[in-house]
Amino acid sequence: MKNTNVLISGASIGGPALGYWLARYGFRVTVVEKAPALRPGGQAVDFKGDVHMTVLRRMGILDDVRRLQTGGTDQTFVDARGRAIAVLPGEFTGGELEIHRGDLARLVYEKSVAVGCEYVFGDSITSLTDTPDGVHVTFERSAPRTFDLVIGADGIHSNVRRLAFGPESDYVEFLGHYYALAEVPEQFGTEGQMYNEPGRMVAAGGPKASAFFVFASPQLDYNRYDTEQMKRVVLDAYAGMGWRTPEILDAVRRTEDFYLDSISRVKIDHYSKGRVALLGDAAYANTLGGFGSGLALVGAYVLAGELAVAGGDHRVAFQRYEEGFREYAKVSEKGNAGPWLAPPSAARITMRNWTFKMGFMLKLMMKMTGDFAANITLKDYPSLVRGALR
């Protein structure tokens with residue numbers, strides 16, 4: 001085995017999952033994360049089909065995910081007076097298994113620590129110098145180190161992709177909408193309700209997030225690390241909106257747990273460059289597309305497996321990862337959740353709501369998502385490299 005010293009940037013879902021598999025195969029793994037600790041919040045995420053279940057089972061967390069699942073709660077579209085006008089079934093939004101993102105992140109992190117992954121929180125990569133013998137890495141706080149390989153699992157705004165491939169604007173396509181998540185008081189209940197006006201959607205309650213916003217907008221310029229500035233963007237965007245929106249906005253003003261980002265997709269020709277590769281949203285994001293966590297976990301399984309089978313030869317492994325995974329990840333190149341969640345006109349809102357009143361349309365959409373989730377044949381990497389497992 002060669003190239004066994006690996007740095008992973010990002011400690012959300014894909015990074016710790018990759019670290020877990022690599023450590024089991026005999027690699028030495030360091031994970032660097034800009035945040036000071038694991039991030040507990042975020043939307044609920046879901047899994048569906050044999051491919052997802054197989055990866056969760058082989059990681060040894062399927063039973064834990066089932067134990068912590070949220071249950072896929074229905075959400076109700078309401079009018080300005082709070083009257084139900086359509087139901088978004090939990091089986092559609094929650095797949096077969098739905099779990100809070102923070103709970104999943106903790107499960108995968110604990111599995112990776114148990115097999116020896118090193119974590120460095122509160123730090124970030126500042127430069128990457130790819131050489132024939134390794135990647136020289138400098139950090140904001142830690143001393144420089146050289147690694148055999150570097151993997152960017154650091155999200156749609158990937159720092160590794162920017163440093164190794166080029167500016168974000170070359171690879172991230174804005175899709176005309178923004179979304180925001182906020183943890184607000186329990187006064188909004190556990191039964192999710194969603195309200196629309198043209199180009200805007202606000203939801204309260206339910207498992208995805210206690211307050212959830214999607215709105216159409218030109219591309220905005222704001223500081224992604226300034227919570228108060230991000231809140232102001234949402235408060236301005238939702239001024240004058242009906243239903244319980246003023247009450248929800250008052251709760252947003254007081255919360256400290258708030259997140260805003262664009263609905264965008266990543267378009268990139270290759271997942272690797274030299275000794276650097278990309279995983280998860282850094283390589284194949286489509287915001288709110290419903291496949292992000294599944295793609296990250298399956299991608300981590302495939303990338304780690306190919307590195308192990310290739311004996312650490314990154315040139316062979318990265319090419320096989322690309323060839324074996326790109327067709328599966330094509331789902332991220334399709335669709336835009338923005339106009340569906342926040343239709344641009346009253347007529348489009350009515351049409352969207354009707355799709356959930358017609359059983360055959362719901363079944364068709366569920367079949368399509370199920371087909372996407374199953375569109376890969378998994379190799380049994382653990383059995384192929386059993387001698388390396390610890």
Side-chain angles (χ1 to χ4, degrees), residues 3 5-23 27-35 39 105 108-109 112 117-131 134-140 142 144-173 224 261 264-287 292-293 295-304 306-307 312 314-315 317-322 325-326 329 332:
N3 295 328
N5 188 16
V6 181
L7 174 66
I8 299 171
S9 177
S12 180
I13 305 297
L18 178 66
Y20 165 77
W21 283 113
L22 287 176
F27 291 78
R28 289 180 290 120
V29 179
T30 301
V31 182
V32 61
E33 166 59 48
K34 185 177 183 68
R39 292 170 174 163
V108 181
Y109 165 77
S112 66
C117 288
E118 171 196 5
Y119 279 81
V120 179
F121 287 101
D123 207 349
S124 182
I125 299 169
T126 55
S127 72
L128 298 170
T129 304
D130 197 337
T131 74
V135 185
H136 183 70
V137 183
T138 61
F139 300 90
E140 286 183 358
S142 302
R145 293 170 64 177
T146 297
F147 296 87
D148 296 320
L149 305 173
V150 174
I151 310 297
D154 44 358
I156 194 167
H157 302 294
S158 172
N159 184 41
V160 168
R161 188 187 60 226
R162 178 181 60 83
L163 292 171
F165 290 73
E168 180 172 308
S169 58
D170 290 350
Y171 301 104
V172 177
E173 177 187 7
R224 291 192 295 113
D261 206 347
S264 301
R265 69 164 65 98
V266 170
K267 302 180 73 173
I268 196 165
D269 292 334
H270 298 288
Y271 299 154
S272 64
K273 186 176 182 181
R275 291 176 172 268
V276 179
L278 302 175
L279 170 70
D281 282 354
Y284 27 83
N286 187 331
T287 316
S293 294
L295 286 173
L297 284 186
V298 178
Y301 175 83
V302 172
L303 176 55
E306 293 297 350
L307 279 166
H314 65 285
R315 289 165 296 187
F318 288 171
Q319 182 175 345
R320 289 176 179 168
Y321 163 56
E322 178 107 23
F325 198 74
R326 183 168 284 278
S332 67

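S293 and I13 make their closest contact through OG-CG1, 4.4 Å (heavy atoms, listed as atom of the first residue, atom of the second, distance). Nearest heavy-atom pair across P16 and G10 is CD-O, 3.8 Å. Minimum heavy-atom separation, G312 to N3: O-ND2, 2.8 Å. Contact between A300 and G14 at its shortest, heavy atoms only, is CB-O, 3.9 Å.
Ring geometry for Y119 against F121 counts as parallel: the plane angle stays under 30°, on a 0 to 90° scale with 60° as the upper cut. Between W21 and Y301, the ring-plane angle classifies as perpendicular under the 30° and 60° cut-offs.
Contact check for V31 versus V120: no side-chain heavy atoms found under the 4.5 Å cut-off. Residues L7 and I125 have side chains in contact (heavy-atom distance under 4.5 Å, counting atoms from C-beta outward).
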(request) Determine, stepwise, if the pair L149 / V135 fulfils side-chain contact (heavy atoms from CB on, under 4.5 Å). (result) CA-CA 6 Å; L149 305 173; V135 185; over 6 Å; no

(message) For V137 and V150: C-alpha separation, side-chain torsions, deciding distance, then whether side-chain contact (heavy atoms from CB on, under 4.5 Å) applies.
(response) CA-CA 9 Å; V137 183; V150 174; 4.0 Å; yes

(message) Is there a side-chain contact (heavy atoms from CB on, under 4.5 Å) between E306 and Q319? Walk through the geometry before answering.
(response) CA-CA 9 Å; E306 293 297 350; Q319 182 175 345; over 6 Å; no

(request) Determine, stepwise, if the pair T287 / S264 fulfils side-chain hydrogen bond (donor to acceptor under 3.5 Å, both in side chains). (result) CA-CA 6 Å; T287 316; S264 301; 5.1 Å; no

(message) K273 vs D130, test: side-chain contact (heavy atoms from CB on, under 4.5 Å). Steps then yes/no.
(response) CA-CA 9 Å; K273 186 176 182 181; D130 197 337; 5.9 Å; no

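With sequence neighbours left out, T146 forms a side-chain contact (heavy atoms from CB on, under 4.5 Å) with H136. Under the salt bridge (charged side-chain N to carboxylate O under 4.0 Å, His left out) criterion, R326 pairs with E322, not counting sequence neighbours. Under the salt bridge (charged side-chain N to carboxylate O under 4.0 Å, His left out) criterion, R265 pairs with E173, sequence neighbours left out. For S158, the side-chain contact (heavy atoms from CB on, under 4.5 Å) partners two or more places apart in sequence, or in a different chain, are D154, V160, R161, L278, A282. Taking the side-chain contact (heavy atoms from CB on, under 4.5 Å) definition, one finds that N5 meets it with R28, F147, D148, sequence neighbours left out.
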Under 3.5 Å, which donor-acceptor pairs link side chains of residues 162-170 to any protein atom two or more places apart or in another chain?
residue: R162; atom: NH2; partner: N159; partner atom: OD1; Å: 2.5
residue: E168; atom: OE1; partner: H157; partner atom: ND1; Å: 3.1
residue: E168; atom: OE2; partner: H157; partner atom: ND1; Å: 2.9

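When atom types are taken as modelled, the side chain of N286 and the backbone of S332 share a donor-acceptor pair closer than 3.5 angstrom. Side-chain atoms of Y284 come within 3.5 Å of backbone atoms of G280 as a donor-acceptor pair (strictly under, hydrogens ignored).
We find the OG-CD distance between S12 and E33 to be 7.5 Å, quoted to the nearest 0.5 Å. Between F325 atom CZ and L295 atom CG the span is 5.0 Å, to the nearest 0.5 Å. To the nearest 0.5 Å, the span separating CZ on R320 from CG on L307 amounts to 10.5 Å. Atom CD of E118 is separated from atom OG1 of T30 by 3.5 Å, given to the nearest 0.5 angstrom. For the atom pair CG (D261) and CZ (R224), the distance works out to 6.5 Å, reported to the nearest 0.5 Å. Rounding to the nearest 0.5 Å gives a distance of 8.0 Å between CD1 of I8 and CG of L279.
With ring centers used as reference points, Y271 lies under 6.0 Å from Y321.
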